[in-house]
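Within every chain, numbering begins at 1; the chains are lettered A, B, ... in the order of the sequence lines, protein sequences first and strands thereafter. Heavy atoms only: backbone and side chains are in, while hydrogens, waters and symmetry mates are out.
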Amino acid sequence: DSGVTQTPKHLITATGQRVTLRCSPRSGDLSVYWYQQSLDQGLQFLIQYYNGEERAKGNILERFSAQQFPDLHSELNLSSLELGDSALYFCASSKRAENQPQHFGDGTRLSIL
Amino acid sequence: SQQGEEDPQALSIQEGENATMNCSYKTSINNLQWYRQNSGRGLVHLILIRSNEREKHSGRLRVTLDTSKKSSSLLITASRAADTASYFCASSGNTGKLIFGQGTTLQVKP
C-alpha cells in the first residue's frame, strides 16, 4: 500500500460529460502529480502541485484542470470528454518538489462510451 | 515526443536467471528512477540514481547511469516469478516531473 488514495477506482461516462478525480497524498507529502496512461501514449505527465501551488505543467489539455487544496488533497477535472480521454489516471505524491521518489495510487480507470 | 526509449520491449526468462533492461532518455537530468507496474496497478518505486552517481544497488537490483550516453540499465539478479511485471525508467530534471520510457514487459517463468 503506497499510502496514496485515489477515488473512484472506475468511472464510466459518455462523451461531452465532465468528471472529477480525487487524490489524497501520503501523509506528510506536499507534492502531488497527475499522470495519464494509455496504450497509444504511454505514461504522460499532466501537472504537478506543491503545497497548493502549481509547480510544473505537462501535456495537459485545456479541457483538463486541477487544483490542490489546503489539506493537500488534489482533484483533476476533465470536461467535454472525448473517446480518446479513456485512460488510466494516476496520482502520485512526494515529500518535496524534486529529486524524490514518487508514490503512486492505484489509479482511476476512465472509460468514455 | 520527450519520452525515453526502453529496450527490449519484452523479455522472457526462466526463474533464477538475470534480467537486464536498458533505457535511453533525451534531456539533461537531475536523477533517473525505475518503477515496476503489475498489470493495471499503480507504479511502485524501485530505485533512484542521481546524475552524479554511476551505479547503485538495492537488494537484487543494480542500476547504472551513463549521462554522456543518456542511458541507464536495470539488472535484476536471480529473478523470481513474482518479478513478472512491466518496468519503466523515468527521467527527472529541475522539477519533479517524470518523463517515462515506454516500458519493458518482463515475464519470469517458474
Residue part contacting chain B, namely of [X], when any heavy atom lies under 4.5 Å:
X: A:Ala97; value: backbone
X: A:Gln37; value: side chain
X: A:Arg96; value: neither

Connected via hydrophobic side-chain network under 4.5 Å: [X] and [Y]:
X: B:Phe100; Y: A:Tyr89; answer: no
X: B:Leu61; Y: B:Ile13; answer: yes
X: B:Val108; Y: B:Met21; answer: yes
X: A:Phe104; Y: B:Val44; answer: no
X: A:Phe64; Y: A:Trp34; answer: yes

How far apart are the closest heavy atoms of [X] and [Y], and which atoms are they?
X: B:Arg41; Y: A:Phe90; result: O-CZ, 3.4 Å
X: A:Gln48; Y: B:Thr95; result: OE1-CB, 4.0 Å
X: A:Asn99; Y: B:Asn30; result: OD1-CB, 3.4 Å

Student check: side-chain heavy atoms of A:Tyr35 and B:Leu43 closer than 4.5 Å
no
With a sphere of 6.0 Å drawn around [atom1] of [X], does it hold more than 12 non-hydrogen atoms of other residues, nucleotides or ligands?
X: A:Glu62; atom1: CD; result: no
X: A:Leu39; atom1: CG; result: no
X: B:Asn18; atom1: CG; result: yes
X: A:Glu53; atom1: CD; result: no
X: B:Glu15; atom1: CD; result: yes
X: A:Arg22; atom1: CZ; result: yes

Counting heavy-atom pairs under 4.5 Å with chain A, which one of B:Ser92, B:Gly42, B:Gly96 comes out on top?
B:Gly96
Using a 4.5 angstrom heavy-atom cutoff, name the option from B:Asn31, B:Leu48, B:Leu98 with the most pairs to chain A.
B:Leu98
Taking non-hydrogen atoms and a cut-off under 4.5 angstrom, which of residues 63-89 of chain B neighbour chain A?
B:Phe88
What residue in A:Arg55, A:Gln100, A:Gln102 has the most heavy-atom pairs under 4.5 Å with chain B?
A:Gln102
Spacing of CG belonging to A:Leu43 relative to CD belonging to B:Gln102, to within rounding of 0.5 Å
11.0 Å
